[in-house]
Trainee: 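Here it is, the structure, as C-alpha cells.
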Amino acid sequence: MTDFLSHLNDAQRKAVEHTEGPVMIIAGAGAGKTRVLTYRIAYLLHQGADPFRIMALTFTNKAAREMKERIMQLIGPAKGRNVWMGTFHSIFARILRVDGHHLGYPENFTIYDTDDSKQLLKKILSELQLDPKVYHPSYLLNRISNAKSNLYSPENYLADQEIVNADHAAGKPLTGELYRTYNARLKRANAMDFDDLLFNTNMLFRDFPDVLHKYQHRFGYILVDEYQDTNFAQYHIIKQIAAAHENLTVVGDDAQSIYAFRGANIQNILNFKKDYPDYHLFRLEQNYRSTKTIVNAANVVIENNKDQIKKKVWTENEEGELITVLKATSDTEESTLVANSIFGLKMSKQLPSKDFAILYRTNAQSRTLEEALRRQGIPYKIYGGVSFYSRREVKDLLAYFRLVINPNDEEALLRVINYPARGIGKTTIEKLQVLANTHKTSIFNLIAENPTALAELNRGTVNKLQEFVTMIRSFIVQLESKSAFELANHITKSVGIVNALKEEDAIESVNRIENIEELLNAIMEFSEREPEPDELGEDGRPARSLGHFMQQVALLTDADKKDEEGGDYVSLMTIHAAKGLEFPYVFIVGLEENLFPSIQSLGTRAELEEERRLFYVALTRAMKKVTISHAETRYRWGSLSLSEPSRFLEEIDPVFIETPRKLAKSSFAEPAKSPLPGRRPMPTSGAESQTSGRDDFQASDTENLETGMQVEHQKFGFGQVVKVEGSGANKKATVHFNGIGQKQLLLKFARLRIIQ
DNA sequence: ACCGTATTCAGCGCG
DNA sequence: TGAATACGGT
C-alpha cells in the first residue's frame, strides 16, 4: 500500500507529493485528473494528515462518492471515510445547518429547488399583478441566481445603477424589487434556494469572523475538483477558508469549461496565480484514455480557441481508428444510420451495448435516436430528462415530509394543503395567502397560532384547516421517535396519497404509485444503511431521522442514483451530462450549424468558444473510435429546417477522418456524390450510404422471403436465410452471411436483394 | 369538481 | 412535433 504511488506517472506523482501550499493542477482530458486528486488525498492521509481536516469539493455527489470509495480502497476505510467530501452545496448546507443561526436561520431550513423558486416567483407576480409574460419566472430566477452567484444582495443590486438601467432598458424595471421580495419570502418560509447556500455561507464568513476562523482551522487542506466550473461565490468561499494556511489544491482544465452560461468563471483558473503568487503549477498532459487519432483531432479543434492555457495533450496509445462522418438527409435517417452503425459494430466486433454512447447537444434530439434504437432492438438508456425527484407524485410526498420538518415551508404547504382533496379550495387558499402577507407570517403559523385572524372564513373551512394542522403536528411529534422509514411510511398511509392516485386515470397512476414505492424504498435503505461518520447528528447519534433524510435529498439529482449493476445498454445523454465519463465508442450527433454550435452561441466569440470546448469534451469522451453525424434537414420547434454541416466538422483535420474509399471493400460501386458547392466535400462513410437509399442497390420485396433463400446485403454480402420469424413490422430474418456469420435482420429496415 | 382545450416549452443544467 | 401543465368553461 505504501507503494501506491507507483500507479502514477512522473508528472502525476510530482503533483501528488507536493502537499503543502497553493497548487494548481492543469490536466488535459483523460490525463488522470481525478486520479491525481484521489491519490493526493490518500497520500496526505498516508503521511498522517487528520482526515477530519481535509475538505474535498467536487462537481457532483457521484464524483464525491466514487472518489471516497477509491480512497478507502487505497488507504483503508477507517481514515478514508472521515474526509469531508462532497459538492459545494452539500458541504456548505451542512455548515449552514450548524452555524446558519447567526444569520437567523434555524437548522431545519428547507432548500427550495428550482421548481419551488419558480412557483414562489409566479405567486409574487400575481400578487403584484405583474404580467408573467413580461417578468418571465425563469428569466427572473436567472437574474437572481446570477446576482447571488456574484454576491449581489437585493440591496447591492438596486444600488447598482448600471444594472438598474439595464433592467429599465429591457422593459423590466421591477426586477430588483422582485429579487428583494423573493428573498424576503424565502426567509419567511425559512428556506434557501441553491444559490443561497453559497451566498449565505459567504455572508456568514464575512459577518462572523469567529465562524470563519473556526472553519479555517478546521480544514487544514482544501482540494477542489473541476475548478474551471466554479463561480464567483464558490471561488470566494474557498479563498476565505484557505486564507489561513493556503493549503489549497485546485484541479481543472480550461479546455473543458462548459458551464460559463451558468456563471462559471474561467477567470478563477487564470486568477489563481494572482491570488497565490507562490503557487506551484503542475501540468498533466499525457492522455491515457483515447487513441492518438482522437487526441490529435481534439487538439486540432481546440486550437481554434483564443482563450486558453497552452498545453499539449499527447498519448502513447495506439493510432486507432479514423473518425467516421455520417451524413444523413434527415434527422430520422441520421438516427437510423447511427443505430445501424452501432448494430454493425456490435456484430462485427462482438461488443456489448454498454461500450457505446450517443452524445447530443440538446435533449430534444434523443427522441428519434430512441425510436431508431428500439427498431434495431438495441437496449439503451437515456440520461437526463425529467428527473425522478421532480415527478409530481414524488414532489407531493416529499412536500409532506418538508412540511413536517419545517411547517413554514410555504411551497410545500401549498402543494399538499388540498392534495389529496380535503375541501380546502382555491378561494380559501387565496384568502390565506393574503392574510399571511398582512400578518407577515406563514400560512401554517396563521392557522396554528392565530385563529382570530381566520374570522372571515366560515366555520366549516376553519375546521378543515385545523384538522390539517393537527395532522401535520401529529407527524411532527414523531420526528424524533421514529426512524425515517417508519415515519415516512406512516405519513404516506395517513394522507392517503396512494388511494388518491388509484382514483386517477389508470395508465399513469400505476407508474406514479411505483414511484411512491421507489421513494419509500430509498428511505428504507437510508434508514437501514450504516451512516457515514459525517452523518452523525449533533449529539453524535446516527442521523437516521426523516429530517436527516430530507437534508440530503434536497441536494440529490438523478445523476446520483447508482447505475444498475451490469446493465448492458447504449448510453444516450447530452454532452454536458457526459463530462467526466468515457466510452469506447462515441457517436456525436447533430453536427450542424445553429444546433452545434447552438444558434444562441453565435453572438460572441466567448460563447462560440464555449461550444467548441463542448465539442472538445464530446470528442475526448471516446476511447477507441468517434463517429460524427449530421443531417441536412431536421424538425425543430415543429417545423422542418435545412441544416448546413457544422463548422466544427471542418476544423477536424481531414487526415483524421475516414474517407468512403477505405470502407469500400464490397463489390458495389461507390455511390456517386457531388460535393456541396463552395465547400470541401464532406467525407461520408460507406456504411452510411447503404441504408440511405441514394445508390443503385436494388432491394427486393421481402414479403415472401423464406428459409433457404439466397440473398444479398449491401454490407454483409451474400448469405442464406436460416430463419424467418414474426410478421408485419416485426418480421425478421436470420441470415448466414458468407465469411461473416449469422445476423438477425429486421426486414422492415434491412435492404435485402433476393437472388434465388 | 371535472374535463377538454389552450398554451407553453424545446441550449446545455451542477446543486 | 409532442409532452406536460395551466386554464377556463360547464
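Lettering of chains follows the sequences in order, A, B, ..., and the numbering in each one begins at 1. Being a predicted model, the structure only gives us computed values, none of them experimental.
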Trainee: Scan side-chain atoms only and decide if A:Thr574 and A:Tyr383 contain a donor-acceptor pair under the 3.5 Å cut-off.
Mentor: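 A:Thr574 vs A:Tyr383: no donor-acceptor pair found between side chains.
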Trainee: What's the CG-P distance between A:Leu640 and C:dG2, to the nearest Å?
Mentor: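 Atom-to-atom, A:Leu640 to C:dG2, this comes out as 13 Å.
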Trainee: Taking only N/O atoms, report every protein-nucleotides 4-10 of chain C pair under 3.5 Å with atom names and distance.
Mentor:
none

Trainee: Tell me: OH of A:Tyr419 to P of B:dC2, nearest whole Å?
Mentor: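 Checked: the OH to P distance equals 12 Å.
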Trainee: Rounded to the Å, how far apart are A:Asp116 CG and B:dG15 P?
Mentor: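 Atom-to-atom, A:Asp116 to B:dG15, this comes out as 17 Å.
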Trainee: Report the distance from atom CG of A:Asn146 to atom C1' of B:dG13, rounded to the nearest whole Å.
Mentor: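 Rounding to the nearest Å, CG of A:Asn146 and C1' of B:dG13 are 14 Å apart.
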Trainee: For A:Ser598, what residues pass the side chain to side chain contact (heavy atoms under 4.5 Å, CB included) criterion, not counting sequence neighbours?
Mentor: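 By the side chain to side chain contact (heavy atoms under 4.5 Å, CB included) rule, A:Ser598 matches A:Arg361, A:Gln600, A:Ser601, A:Glu611.
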Trainee: Does A:Lys187 make a cation-pi contact with A:Tyr105, if we ask for NZ or CZ under 6.0 Å from the ring centre and within 45° of the axis?
Mentor: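 The answer is yes; both the distance and angle limits are met.
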Trainee: With a 6.0 Å cut-off on ring centres, are A:Phe596 and A:Phe648 close enough?
Mentor: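 Between A:Phe648 and A:Phe596, which both carry aromatic rings, the centre distance is below 6.0 Å.
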Trainee: So, A:Asn271 versus A:Tyr235: side-chain donor-acceptor pair below 3.5 Å or not?
Mentor: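 Not at all, the side chains of A:Asn271 and A:Tyr235 share no donor-acceptor pair under 3.5 Å.
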Trainee: What do the steps show when you test A:Tyr152 against A:Phe232 for ring pair (Phe, Tyr, Trp, His ring centres under 6.0 Å), and what is the final call?
Mentor: CA-CA 11 Å; A:Tyr152 260 51; A:Phe232 181 71; 9.4 Å; no
Trainee: Would you say the rings of A:Phe261 and A:His576 are close, in the sense that their centroids are separated by under 6.0 Å?
Mentor: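 Yes - the distance between ring centres of A:His576 and A:Phe261 falls below the 6.0 Å cut-off.
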Trainee: In whole angstrom, give the distance that lies between atom CG of A:Asp115 and atom C1' of B:dG13.
Mentor: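 Distance, rounded to whole Å: 14 Å.
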Trainee: Under 4.0 Å from OP1 or OP2 of B:dC14: is there any side-chain N or O of A:Asn61 that close?
Mentor: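 No, outside the criterion.
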Trainee: Roughly how many Å is it from NZ in A:Lys579 to C1' in B:dC14, rounded to a whole number?
Mentor: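 Result: 8 Å.
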Trainee: What string of B, S and - do you get for nucleotides 6-12 of chain B, 5' to 3', when a contact is any protein heavy atom under 4.0 Å?
Mentor: --SSBBB
Trainee: Is there a side-chain contact between A:Tyr139 and A:Lys172 in this structure, where contact means two heavy atoms from C-beta onward sitting under 4.5 Å apart?
Mentor: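 In short, these two side chains touch, coming nearer than 4.5 Å.
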Trainee: Using atom OH of A:Tyr383 as one end and atom P of B:dG13 as the other, report the distance to the nearest whole Å.
Mentor: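 The answer, rounded to whole Å, is 14 Å.
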Trainee: Once rounded to the nearest 0.5 Å, what's the spacing between atom CZ of A:Arg605 and atom CD of A:Glu610?
Mentor: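 Here the interatomic distance stands at 13.0 Å.
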